[in-house]
Amino acid sequence: MTTENSTPAAAPVNKHFVRQIIESDLAAGRNGGRVVTRFPPEPNGYLHIGHAKAICIDFGMAQEYGGRCHLRMDDTNPAKEEMEYINAIQTDVRWLGFDWGRHFYHASDYFDAMYAFAEKLIERGQAYVCAVSQDDWKDYRGVPTRPGKESPWRNRPATESLDLFRRMKTGEFKEGELCLRAKIDMASPNIHLRDPVIYRILHAEHPHTGNKWCVYPMYDFAHPLEDAFEGVTHSLCSIEFEVHRPLYDWVIQNLLAIRAAEPAVAGWFVHDHPQYDGPQQNEFARLDLTYTVMSKRKLLELVEAGLVSGWDDPRMPTLCGLRRRGYTPAAIRTFVETVGVTKFNSLTEVALLEHCIREDLNRSALRRMAVLRPLKVTIENVENLPATIEAQNNPEDPAAGTRQVPFSRELLIEAEDFMEVPPPKYFRLTPGGSVRLRGAGFLTCTRVEKDSAGKVSNIICKWSPPTTELKVKATIHWVSAPHAKPVTVRLYDRLFTVPEPDGQEQDFKTFLNPHSLEQLTAYVEPAVAAAQPGEGFQFERVAYFVADALDSQPGAPVFNRTVTLKDTWAKVEKPKK
RNA sequence: UGCCGGAUGGUGUAACGGUAGCACAACAGAUUCUGAAUCUGUUUGUCUAGGUUCAAAUCCUAGUCCGGCAACCA
């Protein structure tokens, strides 16, 4: 049985712990058997491959279990967030292949309800306005091994806190002068429960609410509320939030208690449901990749220092960078599923990502010929040379058809495909030797011409038609010199020279790969010059390339190398150098 | 030194008391009009020490190591 005909066994789904949790919740009838998730990026940077993992999990779980996933901008800190990012995030999530339908939200949509909830907590004696300065609070908070001590304002009357909180809101105080704290437990072994700040004063213009507010909720307070208001059932996040979960639960419990006591509070919920038990936070490990950095701060540093051309530099692990590099959404999704979901802090080899994109592109990419470093070949027997040859567009997919490629007596071949003094096991063209020309018969080298520097400048060959019975061990690619079009190609490589540029003694930037970008002029078969931006090819025997979406001009594409083909010969040769 | 997590080949993951499996990587071979792809095979693993059990990666105890937590960031 051939592979083609064999029934593709249903892809074995990895029942990772998140799937297990959801399935057991479903079985238990929690939340009426519904699944609602959310992807909540902070719009303070571009999305990267690490976010792709979260996106695939958040949207993927909703999809798999018949639920929905919200896209929500977690914009509770106006000092750091910008519209530019809000737009880019939507583009990237869509590109990855996910759809939030009408469920696009901002944390700031709920500022009124959050504020109202904060007042309720004050009224109930569960929050108070505190005047201890940020600096002094270090003393009050204590250290993990020792309990903290209570703020002098902890037991001020609720009416006083309420009055101050309202005046905070109207802008009567400076930043840092006052804050609102949840009254929980100054002796808790969990620092996050030692009367955490839930509202702070920020006199900043917000990208969405403008100047309406000058008090803004903290993440730990806002996030559970956002989830609850939207009817989220599974709030999936990364493991650094594990220690925040008790606070998350504290907020949710109080919210549900207040809702039960005061029917009007139901109005805060934009997606209420009679069978809603509240959201539950579960944490999984972030994705980390070798030969790159993944923190927004470090990526921003590379951008601002001009070490890359921007967030969308094809060497960046950002989704917009990967897109420009020629990565496909499908390859990234496969990659994320292959990596799996656990609570273990792992470091995934970039080789796996590269395998995923090769696998995808091998199936789909049209084949073309391009010579990166040309060497001239002149055919001496000019009789009966074909004017064109027919070449398959994709040997992996006969439906992709064929094309005509011009042929002539002057060809360009890859410089490395000829060696005057070949090492053992070298299968390509050598003096007196023969090779097959991809789709176009054979070449036998009769002599070489050299320039004044003694460098081989022209290889004189005899051409034989495809029907010739010639035993050769290699096939090389070529283009017809008079027909070839010059195009710019950019050969991208790994951004860093070491697997873990983070966490070294020296600054991560000292490990930048000086050869991560090499630009040169390649010669391509005529059809390639008409490539549209975003169109990709496999240049046979070389690599997968994509016409850059930004720098390509009509008739003058600029090609980015997505990923090389595997090259066992290079591996044999390299150790010898 | 407090709290919360975690530990399975080089890497990532599966096995939920019953044959340690899969993918990537590496290596070897077959095949090939891409030294690609494809196919076959090989190497390499349950953190340690005790215990429970007919049987332990899995359960228990103790330890070791790793990650996270002491922003008015998210």
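Letters A, B, ... are given to chains in the order of the sequence lines, protein chains preceding strands, and every chain is numbered from 1. Side-chain atoms are counted along with the backbone in the values below, which use heavy atoms only and exclude waters and symmetry mates.
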Select base, sugar-phosphate, or nothing to describe what A:Phe539 touches, counting heavy atoms under 4.0 Å on all strands.
-> nothing
Among the nucleotides B:G5, B:A36, B:C73, which one has an atom lying closest to any side-chain atom of A:Lys343?
-> B:G5
Measure from CG on A:Asp185 to C1' on B:G2 and round the result to the nearest Å.
-> 14 Å
Kindly confirm whether the side-chain ring of A:Trp569 is stacked on the base of B:G35, judged by centres under 5.5 Å and planes under 30°.
-> yes
Could you note down all residue pairs passing ring pair (Phe, Tyr, Trp, His ring centres under 6.0 Å) where residues 177-202 of chain A supplies at least one of them, sequence neighbours left out?
-> A:Phe165-A:Tyr199, A:His192-A:His244, A:Tyr199-A:Phe221
Quick one: which of B:G12, B:U34, B:C73 gets closest to the side chain of A:Pro395?
-> B:U34
With a 3.5 Å cut-off and just heavy-atom distances, do the side chain of A:Arg428 and the base of B:G35 make a donor-acceptor pair?
-> yes
Describe the nucleic acid contact of A:Phe241 in one word from base, sugar-phosphate, nothing, applying a heavy-atom distance below 4.0 Å.
-> base
Note, A:Met73 side chain near A:Pro41 side chain (heavy atom, < 4.5 Å) = yes
How many Å lie between CD on A:Glu240 and P on B:C69, as a whole number?
-> 8 Å
Among B:A74, B:U13, B:G2, the one nearest A:Phe344 by side-chain distance | B:U13
Touch check for A:Lys473, heavy atoms < 4.0 angstrom, all strands: base, sugar-phosphate only, or nothing?
-> nothing
Output one line per pair: protein atom, nucleotide atom from nucleotides 41-44 of chain B, and distance, for all N/O pairs under 3.5 Å.
none

Considering only heavy side-chain atoms of A:Gln20, the closest of B:A15, B:U34, B:A74 is B:A15
Can you tabulate the close N/O pairs, meaning under 3.5 Å, that link protein atoms to atoms of nucleotides 21-28 of chain B?
residue : atom : partner  : partner atom : Å
B:C24   : OP1  : A:His355 : NE2          : 3.4
B:A25   : OP1  : A:Lys566 : NZ           : 3.3
B:A26   : OP1  : A:Lys571 : NZ           : 3.1
B:C27   : OP2  : A:Lys571 : NZ           : 3.2

A:Glu396 has its side chain closest, among B:A70, B:A37, B:C73, to B:A37
From the candidates B:C33, B:C73, B:U13, the one with an atom nearest any side-chain atom of A:Asn14 is B:U13
Nearest whole angstrom, please: distance from the C1' of B:A74 to the CG of A:Leu247.
-> 14 Å
Would you please confirm or rule out a distance under 4.0 Å between OP1 or OP2 of B:G35 and any side-chain N or O of A:Arg438?
-> no
Length of the CD1-P vector between A:Ile198 and B:A71, whole Å | 18 Å
Min side-chain heavy-atom separation A:Met294-A:His48 under 4.5 Å = yes
Separation of A:Ile357 atom CD1 from B:A36 atom P, in whole Å?
-> 19 Å
Does B:A74 have OP1 or OP2 sitting under 4.0 Å from an N or O in the side chain of A:Thr76?
-> yes
Candidate nucleotides B:C4, B:U13, B:A71, ranked by approach to the side chain of A:Val243 - the nearest = B:C4
Closest of B:A14, B:A37, B:A70 to the A:Arg141 side chain is B:A70
Length of the line joining A:Asp74:CG and B:A74:C1', which is rounded to integer Å | 7 Å
Once the angle between the rings of A:Tyr110 and A:Phe229 is folded into 0 to 90°, is it parallel (under 30°), tilted (30 to 60°) or perpendicular (over 60°)?
-> perpendicular
For residues A:Ile476 and A:Phe418, determine if any side-chain heavy atom of one lies less than 4.5 Å from a side-chain heavy atom of the other.
-> no
Between the side chains of A:His477 and A:Glu540, does any donor sit under 3.5 Å from an acceptor?
-> no
Using distance alone, with no hydrogens and no angle criterion, decide if A:Glu226 and A:Tyr219 have a side-chain donor and acceptor under 3.5 Å apart.
-> no
In terms of base orientation, is B:A71 syn or anti, with the syn window spanning 90° either side of 0?
-> syn
Please set out all donor-acceptor pairs under 3.5 angstrom arising from side-chain atoms of residues 126-144 of chain A, sequence neighbours excluded.
residue  : atom : partner  : partner atom : Å
A:Gln126 : OE1  : A:Arg124 : NE           : 3.1
A:Gln126 : NE2  : A:Asn254 : OD1          : 2.7
A:Tyr128 : OH   : A:Asp195 : OD2          : 2.6
A:Ser133 : OG   : A:Asp136 : N            : 3.1
A:Ser133 : OG   : A:Asp136 : OD2          : 3.3

Assign each of A:Phe427 and A:Pro41 the nucleotide of RNA chain B bearing its closest heavy atom; nearer the 5' end lies the nucleotide of A:Phe427
Assign A:His192 to base, sugar-phosphate, or nothing according to its heavy-atom contacts below 4.0 angstrom with the strands shown.
-> sugar-phosphate
Indicate whether the side chain of A:Arg38 and that of A:Ser235 have a donor and an acceptor atom separated by less than 3.5 Å.
-> yes
Atom of A:Trp569, atom of A:Arg428 and distance for their closest heavy-atom approach = CD1-NH1, 3.1 Å
Phosphate-side-chain proximity, A:Ser346 and B:U13, N/O vs OP1/OP2 below 4.0 Å | yes
Toward the 5' end of RNA chain B, by each residue's nearest nucleotide, A:Lys80 or A:Tyr544 | A:Tyr544
Please state whether the phosphate of B:A36, meaning OP1 or OP2, lies under 4.0 angstrom from any side-chain nitrogen or oxygen of A:Thr568.
-> yes
Rounded to whole angstrom units, what separation is found between the CD atom of A:Gln392 and the C1' atom of B:A36?
-> 14 Å
May I ask you to check whether A:Tyr248 and A:Phe241 place their ring centres under 6.0 Å from each other?
-> no
Assign A:Ser188 to base, sugar-phosphate, or nothing according to its heavy-atom contacts below 4.0 angstrom with the strands shown.
-> nothing
Extract all donor-acceptor atom pairs below 3.5 Å that involve side chains of residues 461-468 of chain A and protein atoms in other chains or at least two apart in sequence.
residue  : atom : partner  : partner atom : Å
A:Trp463 : NE1  : A:Ala440 : O            : 2.8
A:Thr468 : OG1  : A:Pro465 : O            : 2.5

Evaluate the side-chain proximity of A:Glu172 to A:Glu177: yes if any heavy-atom separation is below 4.5 Å, no if none is.
-> no
For A:Arg200 and B:C73, is the shortest distance between a side-chain N/O and OP1 or OP2 below 4.0 Å?
-> yes
Could you provide the dot-bracket string of RNA chain B, using ( ) for intrastrand pairs, [ ] for crossing pairs and | for bases paired to another strand, with Watson-Crick or G-U pairs below 3.5 Å?
-> .((((((..((((....[..)))).(((((.......)))))....(((((..]....))))))))))).....
Using whole Å, report how far CZ of A:Arg19 lies from P of B:A14.
-> 11 Å
Shortest non-hydrogen contact from A:Glu64 to A:Arg19?
-> OE2-NH2, 2.6 Å
Across the strands shown, which category fits A:Gln134 at heavy-atom distances under 4.0 angstrom: base, sugar-phosphate, nothing?
-> base
Counting side-chain heavy atoms from CB outward, which of B:G6, B:A74, B:U34 is closest to A:Arg367?
-> B:U34
How is A:Val339 classified with respect to the nucleic acid when contacts are heavy atoms under 4.0 Å: base, sugar-phosphate, or nothing?
-> sugar-phosphate
Pair A:His206 and A:Phe111, ring centroids less than 6.0 Å apart = yes
